Amino acid sequence: DTAVSQTPKYLVTQMGNDKSIKCEQNLGHDTMYWYKQDSKKFLKIMFSYNNKELIINETVPNRFSPKSPDKAHLNLHINSLELGDSAVYFCASSQKGSGNTIYFGEGSWLTVV
Amino acid sequence: AQTVTQSQPEMSVQEAETVTLSCTYDTSESDYYLFWYKQPPSRQMILVIRQEAYKQQNATENRFSVNFQKAAKSFSLKISDSQLGDAAMYFCALYRPNAGKSTFGDGTTLTVKP
């Protein structure tokens with residue numbers, strides 16, 4: 001009964017490959033996010049969706065393409081992976097007007113070799 | 001620009017003692033929320049405490065409390081009776097409803113010495 005779940009938790013892949021990370025939330029929230037945490041542990045927002053609509057795109061390369069089939073799911077597809085894409089990617093959700101607290105998934109550790 | 005600054009990259013505290021982590025923020029909006037999150041080595045992001053800007057009273061959650069100084073745009077976290085399990089990275093975050101997103105500080109790594 002995890003609130004925000006993302007898969008896979010660990011992913012090791014070669015440069016140039018394409019990979020996807022899936023995220024689902026069962027909190028009934030209308031907003032979902034993708035955050036990237038780099039090796040220095042800086043946490044930066046990448047995308048935000050509200051009711052399946054893209055709200056925020058923080059100058060992320062076109063190789064990153066989020067998809068939200070419904071408001072409970074937000075997947076992240078990455079094309080042509082580069083070494084610099086190695087990071088922990090966090091999915092999160094929140095509900096506007098209900099404290100605005102962001103609830104995070106456990107993170108997906110991506111290593112590009 | 002909307003920023004969140006944590007001026008202490010690292011802090012340490014003796015077990016059972018009290019420690020305060022600093023956070024300052026910058027926003028021109030009147031409606032916003034402030035948070036402290038804890039990130040242990042497992043990397044799970046755990047909400048510690050939340051403060052609504054319109055509330056003057058400082059939020060408290062058990063051993064965790066904040067000192068919210070709205071005019072100074074300061075939001076420090078006080079951890080009382082520190083425990084070994086408090087060792088983690090702590091992030092301060094600012095949420096602005098108009099922007100629909102949270103901005104995080106660079107984090108403070110807290111070490112608890114037995």
Side-chain angles (χ1 to χ4, degrees), chain A residues 2-6 9-11 23 25 27 29-51 53-60 66 74 86-111, chain B residues 1-6 8-11 23 25 27 29-55 59 61 64 66 75 87-111:
Chain A
T2 305
V4 182
S5 59
Q6 49 184 113
K9 184 164 184 176
Y10 300 99
L11 187 54
C23 179
Q25 55 95 3
L27 297 167
H29 290 167
D30 54 16
T31 305
M32 295 187 72
Y33 312 85
W34 278 109
Y35 281 85
K36 178 181 179 181
Q37 188 174 40
D38 61 21
S39 57
K40 294 183 179 179
K41 297 196 177 180
F42 298 147
L43 195 62
K44 302 294 182 196
I45 190 169
M46 300 173 67
F47 301 103
S48 168
Y49 271 73
N50 183 271
N51 281 320
E53 182 182 346
L54 178 66
I55 302 297
I56 294 170
N57 180 340
E58 291 283 313
T59 59
V60 177
L74 179 61
S86 296
V88 182
Y89 292 85
F90 286 96
C91 179
S93 72
S94 69
Q95 179 67 31
K96 196 169 185 177
S98 181
N100 297 303
T101 300
I102 292 182
Y103 293 86
F104 286 86
E106 292 185 336
S108 294
W109 298 53
L110 172 66
T111 302
Chain B
Q2 317 299 326
T3 61
V4 178
T5 302
Q6 294 180 246
Q8 307 152 318
E10 296 178 349
M11 289 284 283
C23 174
Y25 61 93
T27 179
E29 300 184 24
S30 59
D31 183 23
Y32 56 91
Y33 297 75
L34 294 159
F35 304 85
W36 279 98
Y37 283 87
K38 171 186 177 181
Q39 188 179 45
S42 67
R43 293 280 190 125
Q44 176 71 48
M45 292 287 287
I46 303 165
L47 176 69
V48 175
I49 203 163
R50 180 172 68 95
Q51 175 83 42
E52 294 90 340
Y54 62 85
K55 287 188 177 178
E61 288 287 341
F64 298 86
V66 297
F75 183 63
M89 191 152 192
Y90 286 82
F91 290 94
C92 179
L94 165 70
Y95 177 83
R96 295 176 297 123
N98 281 349
K101 69 174 183 178
S102 285
T103 302
F104 286 78
D106 288 343
T108 296
T109 300
L110 178 65
T111 302

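Note that the structure is predicted; figures quoted are calculated from it, not measured. First the proteins, then the strands, lettered A, B, ... as listed; each starts at 1.
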**Prompt:** Between A/Lys40, A/Glu58, A/Lys41, which has the largest tally of heavy atom pairs under 4.5 Å with chain B?
**Reply:** A/Lys41

**Request:** Determine whether the side chains of A/Tyr35 and B/Ser102 contain a donor N or O and an acceptor N or O closer than 3.5 Å.
**Result:** no

**Request:** Supply the atom-to-atom distance A/Tyr33 OH to A/Asn50 CG, rounded to the nearest 0.5 angstrom.
**Result:** 8.5 Å

**Item:** With A/Tyr103 via side chain to side chain donor-acceptor pair (under 3.5 Å) - residues at least two apart
**Value:** none

**Prompt:** Does any heavy atom of chain A fall under 4.5 Å from the side chain of B/Ala99, the backbone, both, or neither of them?
**Reply:** backbone

**Prompt:** When only pairs under 4.5 Å are counted, which of A/Ile102, A/Ile45, A/Ile55 shares the most heavy-atom pairs with chain B?
**Reply:** A/Ile102

**Complete:** chain A shares the most heavy-atom pairs under 4.5 Å, among B/Pro97, B/Gly107, B/Ser42, with B/Pro97

**Complete:** Whatever's closer than 4.5 Å to a heavy atom in chain B on A/Ile56 counts as side chain

**Message:** Please enumerate all residues that pass salt bridge (charged side-chain N to carboxylate O under 4.0 Å, His left out) together with A/Glu53, with sequence neighbours excluded.
**Reply:** none

**Asked** Can you tell me how far the CH2 atom of A/Trp34 sits from the CZ atom of A/Phe47, to the nearest 0.5 Å?
**Response** 10.5 Å

**Prompt:** Considering only heavy atoms, which portion of B/Met89 lies under 4.5 Å from any heavy atom of chain A: side chain, backbone, both, or neither?
**Reply:** side chain

